[in-house]
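The chains referred to below are lettered A, B, ... by the order of the sequence lines, with proteins before strands, and numbering in each begins at 1.
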Amino acid sequence: MHVAKVIVDVPAGQIDHSFDYLIPQEWEDIIVPGIRVIVPFGPRKIQGIVVDTYMKTEETEFKLKAIDEPMDVTPVLTPELLQLANQLSEETLCFHIAALQVMLPAAMKAKYKKKVVLKSEPIPPEFLPLFQKGNIVSWEKAMELNLVPTLQRKARAKEIDFEIIYEVKEKNRKKVIKHVCLNIDRKMVDNEIDKLPPQAGKQKELLEILKNQQESIPIPELTKDYGISTATIRSLADKGIVKHLDVEVYRNPFEHKEFKRTEPLPLTAEQQKAIIPILKSVEEQSYESFLLYGVTGSGKTEVYLQTIQEVLKKGQEAIVLVPEISLTPQMVDRFKGRFGDQVAVLHSGLSIGEKYDEWRKIHRKEVKVVVGARSAIFAPFENLGVIIIDEEHESSYKQEENPKYHARDVAKLRGAYHQCPVILGSATPSLESFARAQKGVYTLLELSRRMNDRDLPSVEIVDMREELRSGNRSMFSTKLVELLQNRMEKKEQSVLFLNKRGYSSFVMCRDCGYVMNCPNCDLSMTYHRASSEMKCHYCDYRALVPTTCPECTSTYIRYFGTGTQKVEEEIARLFPEARVIRMDVDTTGRKGAHEKLLSAFERGEADILLGTQMIAKGLDFPNITLVGVLSADTMLHLPDFRASEKTFQLLTQVSGRAGRHEKPGEVVIQTYTPEHYSIELSGSQDYLAFYQKEMITRKQFQYPPFYYLTLINISHEEVMKAASIAENITSYLEKNLSSSSIILGPVASPIARINNRYRYQCLVKYKREPELTKHLKKIVHQFQEDKRNNGVYVSVDVQPYVLM
DNA sequence: AGCACGCCGACT
DNA sequence: GTCGGCGTGCTC
């Protein structure tokens, strides 16, 4: 008898191991590792994933329950991915099921339904409202009508008999289109047409169409193109001449889009030089990491494209990761244009069903290339030839929920498994990556010149303190106003960039300084114009906008810094004739709105594009000759050791938007701290100088890439409890880690309370700590599951990006 | 996590 | 004497 090791869909510490189940004989060929199954678990039925199988002797056989049924015909996870899930759960300290689940499209997550089945007759009168439509009803309905206790009582008294059943459902079904096809022999069709009465013209017409068609015809096509109604089809179906048929289709998010085929462009000398070692690695099938450091507009994408071309020639597959925010239609166009139908696209803009379809194309080997955001790194390819991570420095490659993985680390594991190159591309590499390239861990490849030798835009840094001193209190410097005016006259386009953070809109009393805070969290609440209410971003608490100050009853209370909206108003005041497109959460919320706004701007329907982070990337329009950064330093002062790096990267990215084509570009960066090196050096676009300067700071303050980090978060409803557990954890680490490691804390988190839970943290900095994972596991188990610590929550983030 | 089981106080 | 509150322990 075969036995399957199954990881079940229960995210809990005590359940985080495999459970053994017998494989029923009839499924023995189907149930192999990587198959999803439905298994009995206690009284219920749940989804699980088979991770291993083995043969077992009789003695233990009777103790095991059997698998109910498989949910797949072929494995949804390869042996490689199953093993990768193990590594992930080990390294990021997440549950096995979480690591497995992150590799599958959301549509495959099970949904559970609990139902009540009445097994005895007749139905007692008090249950009639419940069992109106038969003897099976949902548990929710039984609860709603408050009949569950009565059911239990009656069953105990043996007056009735009922059962609770548990169902496992797939969240998403395959999309089908109803088709019609002949139900009789093709040769008999003429015969049938003759038999039909003369007035059945439409029916005859339909049969004629079907006669000349080898395959079935979709009903929508029949009604639209041939004007044949469903009634016509039905009457023929009733006669048994035609039949209905469900044909599975892919949802196609690019249905109405034509992709212009592109041919490989001739490479510049620099590109040529960069691609040679990559192609060598592709050819030799050796695992090697490359850092492709190329200034904005230097043609990194063409290097990717031609590398992929070679990979495809060898019959291998490619994964391309792109940050969510720059997965724009332009980006998709470039890959679809070169590789056509061989490309699947995975990004958050797709519906669950669309993602599922794209995933199935990969799974069925119908595509060879995946372009996608973070989670596309888990694409179930089995013959990978290259992994490319574009904009490698982007923090969106780190997932902030469990499993807290970094796509770059996963890429390296997969690259090593498949023995293929991993290419990390960026104009502003992360310090970690550049340092590794310096050390020779990565092979450094450089593209130092823009395509067509276009100059980098000239950047001017404007000191806003000076502006203030000379009496300009607006958010636009004289210089920026002047240049905007100039572009309007020349009919050229401008992009205005607002660093969103620090600009969130909050309500403050002008008299006493009262700021409206969330009652559950230690944070100020944000004002939402759309719903005209105050919201907390962390716990979903909502409140009305106050009209008078709750502290001092002043009516001089108003909202501050609405970011883009406020800037838009100001532009309207300065340039009444300007046409502005605003891009922020409010205007791009709906699906496709993002693309619509961008293409409107591309068509020249506006003079100024105003937006947040989301416009920093990918934007590549010839008519943009001016970029303005309204406030460069808003994120410089966040409690984050990467603040300087992020500022430099963002400013460099934004500057790169200007003058990418024939017309030269200009950039204006407004700041209150022009002397800060991350701002100063972004002005001269000097990455190397920034790298050197920032490395000194990192070394001095013992941060990556000189030290690794691990952050432990502790939260509890009571401050004292959180603090004391944090204290215990810290002293445990101090006792057990090497003396070269630095343990900071415990301290209250920068956001000291979320959802009425007090938060403490402890930060470990280390160079070498081989036993760290072991200790962290112990901590999570001991402090999380100790009954005396009831209600404590301990979470670990290995190599964190967010320290709040 | 969910669910059952079981032991206590508050009712008919 | 029964109902249902939640604390405890288990799920192959």
Novice: Strictly under 6.0 Å, is that where the ring centroids of Phe378(A) and Tyr405(A) end up?
Specialist: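 So the answer is yes for these two rings.
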Novice: Round to a whole Å and report the spacing from NZ of Lys5(A) to P of dT11(C).
Specialist: 15 Å
Novice: Between P on dC3(C) and CZ on Arg153(A), what's the gap in Å once rounded to a whole number?
Specialist: 6 Å
Novice: At 4.0 Å (heavy atoms only), tell me whether Phe41(A) reaches a base, stays on the sugar-phosphate, or touches nothing.
Specialist: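 If one applies the 4.0 Å heavy-atom cut-off, Phe41(A) turns out to touch a base.
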Novice: Checking Glu140(A) now: which residues fulfil side chain to side chain donor-acceptor pair (under 3.5 Å) with it, not counting sequence neighbours?
Specialist: none
Novice: Can you tell me the distance, in whole Å, between the NZ atom of Lys154(A) and the P atom of dC3(C)?
Specialist: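 One finds 12 Å between P of dC3(C) and NZ of Lys154(A), rounded.
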Novice: Between Glu90(A) and Lys777(A) (salt bridge meaning N to carboxylate O under 4.0 Å), is one present in this structure?
Specialist: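 Salt bridge: yes.
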Novice: For the CD atom on Gln25(A), are there more than 12 heavy atoms of other groups (residues, nucleotides or ligands in this structure) within a distance under 6.0 Å?
Specialist: no
Novice: Could you tell me how far apart Gln152(A) (CD) and dC3(C) (P) are, to the nearest whole angstrom?
Specialist: 10 Å
Novice: Once each nucleotide of nucleotides 2-12 of chain B is scored for protein heavy atoms under 4.0 Å, what B/S/- sequence comes out, 5' to 3'?
Specialist: SSS--------
Novice: Return the value, rounded to whole Å, for the distance between atom NZ of Lys45(A) and atom C1' of dT11(C).
Specialist: 13 Å
Novice: Would you say Lys63(A) reaches dC12(C)'s phosphate, i.e. side-chain N/O to OP1/OP2 under 4.0 Å?
Specialist: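 No.
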Novice: Could you tell me which non-hydrogen atom of Ile35(A) sits nearest to which non-hydrogen atom of Pro70(A), and how far apart they are?
Specialist: CG2-CB, 4.1 Å
Novice: What is the separation between atom CD on Gln47(A) and atom C1' on dA1(B), rounded to the nearest whole Å?
Specialist: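 Taking CD of Gln47(A) and C1' of dA1(B), I get 15 Å after rounding.
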Novice: Report the distance from atom CD1 of Ile31(A) to atom C1' of dC12(C), rounded to the nearest whole Å.
Specialist: 14 Å
Novice: Please give, in whole Å, the distance from dA1(B) P to Phe19(A) CZ?
Specialist: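 Distance, rounded to whole Å: 14 Å.
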Novice: Is there side-chain contact between Leu81(A) and Arg414(A), with at least one heavy-atom pair below 4.5 Å?
Specialist: yes
